[in-house]
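In what follows, chains are A, B, ... by sequence order, proteins preceding strands, each numbered from 1. Side chains included, hydrogens not; waters and symmetry mates left out as well; all remaining heavy atoms used. Just so you know, these numbers come straight off a predicted model, no measurement behind them.
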Amino acid sequence: MPELPEVETLCRQLKEVVSRNVISELRILDHKLGELKNVAGCTINAPYRTGKGINLPLGNGTVLRLHLRMTGRLLWQADQLPLEMAHIRFVMTFNHGRLALIDPRRFATLTLADDTPPPQAPFDPLEKFSPRRLWDSVRTKRLPIKSFLLDQRAVSGIGNIYACEILHRASLNPQRAVSDVSLVEWQRIAKEAKPILLAAIGCRGTSISDWRDLFGRPGEYQHHLQVYGRAGQPCPRCGGPVTRIKLAGRGTFFCPDCQK
DNA sequence: TCCCATGTTGCTAA
DNA sequence: GTTAGCAACATGGG
């Protein structure tokens with residue numbers, strides 16, 4: 001169930017493994033993904049991430065766009081042993097190995113599109129995260145700050161785990177209305193978001209249940225989580241009890257004592 | 001049996 | 001127009 005750090009991890013690993021290699025076959029095993037033609041024979045250029053999306057440019061002006069949604073995983077297998085795991089949704093074959101999509105819940109999507117820059121969210125926590133522009137853009141909105149961070153049309157790549165962690169590090173209550181967040185508080189969010197995401201990338205993501213990297217290894221950032229999944233445990237900063245509420249339908253973890 | 005799940009979209013209603 | 005809430009997608013784990 002990948003967010004920005006997990007997708008970035010996969011893109012970096014894909015870059016090492018499949019860049020400049022020719023796809024000899026794309027076998028779609030789950031027809032819910034649709035049929036993709038004219039992919040075999042194409043050379044993959046450097047894979048890149050947009051938000052939580054994985055892009056495999058094919059060098060002929062088109063790009064394969066993969067979104068893993070909730071339970072999608074990619075697995076690289078360099079040997080010729082049979083792929084025996086359950087829920088394999090496609091297998092992309094190269095002359096030096098195979099790339100498989102594993103997706104129990106079948107929410108992942110795969111599309112072939114023109115390789116034009118996809119619509120970008122105005123804010124990207126690793127690139128364009130100007131506190132003043134953020135503050136300015138939400139003056140009239142009443143939605144909770146956490147809902148805003150999760151809105152992929154507004155902010156690129158943040159999901160439920162990292163939204164909780166960023167708001168904790170910035171000492172902000174996830175329920176606060178965005179229009180009520182001060183410029184100084186936006187500066188705190190901007191200051192905290194990037195190092196958290198970069199640290200998670202450095203750990204190859206957060207493995208709470210399903211997540212594995214391209215080579216089947218779990219990530220390590222779950223050992224660094226401050227609030228996510230820690231209901232009832234003491235807040236690492238102030239010792240107050242980490243609390244779980246439901247916000248916008250999502251489990252939300254925060255410390256009411258130090259997140260105001 | 002019920003509730004939960006790292007995501008997104010679309011509907012309804014206030 | 002905005003926002004909240006919910007169902008849907010489909011499956012597995014506790």
Within the structure shown, what part of the strands sits under 4.0 Å from [X] by heavy-atom distance: base, sugar-phosphate, or nothing?
{"X": "A:G249", "value": "nothing"}
{"X": "A:Y162", "value": "nothing"}
{"X": "A:P5", "value": "nothing"}
{"X": "A:I161", "value": "base"}
{"X": "A:S209", "value": "base"}
{"X": "A:S207", "value": "base"}

Subject >> Upstream residue (5' side of DNA chain B) when A:E6 and A:R153 are each assigned their closest nucleotide >> reply: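 Final value for this comparison: A:E6.
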What's the [atom1]-[atom2] distance between [X] and [N], to the nearest Å?
{"X": "A:I245", "N": "B:dC3", "atom1": "CD1", "atom2": "P", "result": "19 Å"}
{"X": "A:R139", "N": "C:dT2", "atom1": "CZ", "atom2": "P", "result": "16 Å"}
{"X": "A:D210", "N": "B:dG7", "atom1": "CG", "atom2": "P", "result": "12 Å"}
{"X": "A:I208", "N": "B:dG7", "atom1": "CD1", "atom2": "P", "result": "11 Å"}
{"X": "A:Q222", "N": "B:dA5", "atom1": "CD", "atom2": "P", "result": "18 Å"}
{"X": "A:R142", "N": "C:dT3", "atom1": "CZ", "atom2": "P", "result": "9 Å"}
{"X": "A:F148", "N": "C:dA4", "atom1": "CZ", "atom2": "C1'", "result": "18 Å"}
{"X": "A:L247", "N": "C:dT3", "atom1": "CG", "atom2": "P", "result": "14 Å"}

Using a 4.5 Å cut-off on heavy atoms from C-beta on, say whether the side chain of [Y] contacts that of [X].
{"X": "A:Q175", "Y": "A:I245", "result": "yes"}
{"X": "A:L29", "Y": "A:V91", "result": "yes"}
{"X": "A:N60", "Y": "A:N38", "result": "no"}
{"X": "A:H168", "Y": "A:R237", "result": "yes"}
{"X": "A:E185", "Y": "A:I189", "result": "no"}
{"X": "A:F129", "Y": "A:D124", "result": "no"}

Please list, pair by pair, any protein nitrogen or oxygen found under 3.5 Å from a nitrogen or oxygen in nucleotides 8-14 of chain C.
unit_1	atom_1	unit_2	atom_2	d
C:dA10	O4'	A:R105	O	3.1
C:dA10	N1	A:R105	NE	3.2
C:dA10	N1	A:R105	NH2	2.5
C:dA10	N3	A:R105	NE	3.0
C:dT11	OP1	A:R106	NH1	3.3
C:dG12	OP1	A:H87	NE2	3.2

**OP:** Classify the angle between the aromatic ring planes of A:Y221 and A:Y162 as parallel (below 30°), tilted (30 to 60°) or perpendicular (above 60°).
**Re:**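 A:Y221 and A:Y162: tilted rings.
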Original post:
With under 30° as parallel and over 60° as perpendicular, where do the rings of A:W186 and A:F148 fit, or are they tilted in between?
Top reply: perpendicular
With a 4.0 Å limit, can you tell me whether [X] has a side-chain N or O closer than that to the phosphate oxygens OP1/OP2 of [N]?
{"X": "A:Q152", "N": "B:dT8", "result": "yes"}
{"X": "A:K52", "N": "B:dT8", "result": "yes"}
{"X": "A:R244", "N": "B:dC3", "result": "no"}

**OP:** Could you work out the separation of B:dT8 and C:dG12 based on their P atoms and round it to a whole Å?
**Re:** 22 Å
Original post:
For atom P, what is the distance between B:dC2 and C:dA8, given to the nearest Å?
Top reply: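 Those two atoms are separated by 16 Å.
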Original post:
How is the base pairing of DNA chain C summarised as a dot-bracket string, given the Watson-Crick and G-U wobble criteria with both distances under 3.5 Å, [ ] for crossing and | for another strand?
Top reply: .||||||||.||||
Original post:
Are the charged groups of A:R204 and A:D213 less than 4.0 angstrom apart, N to O?
Top reply: yes
Subject >> Check: A:S179/A:R142 side-chain N/O donor and acceptor closer than 3.5 Å >> reply: yes
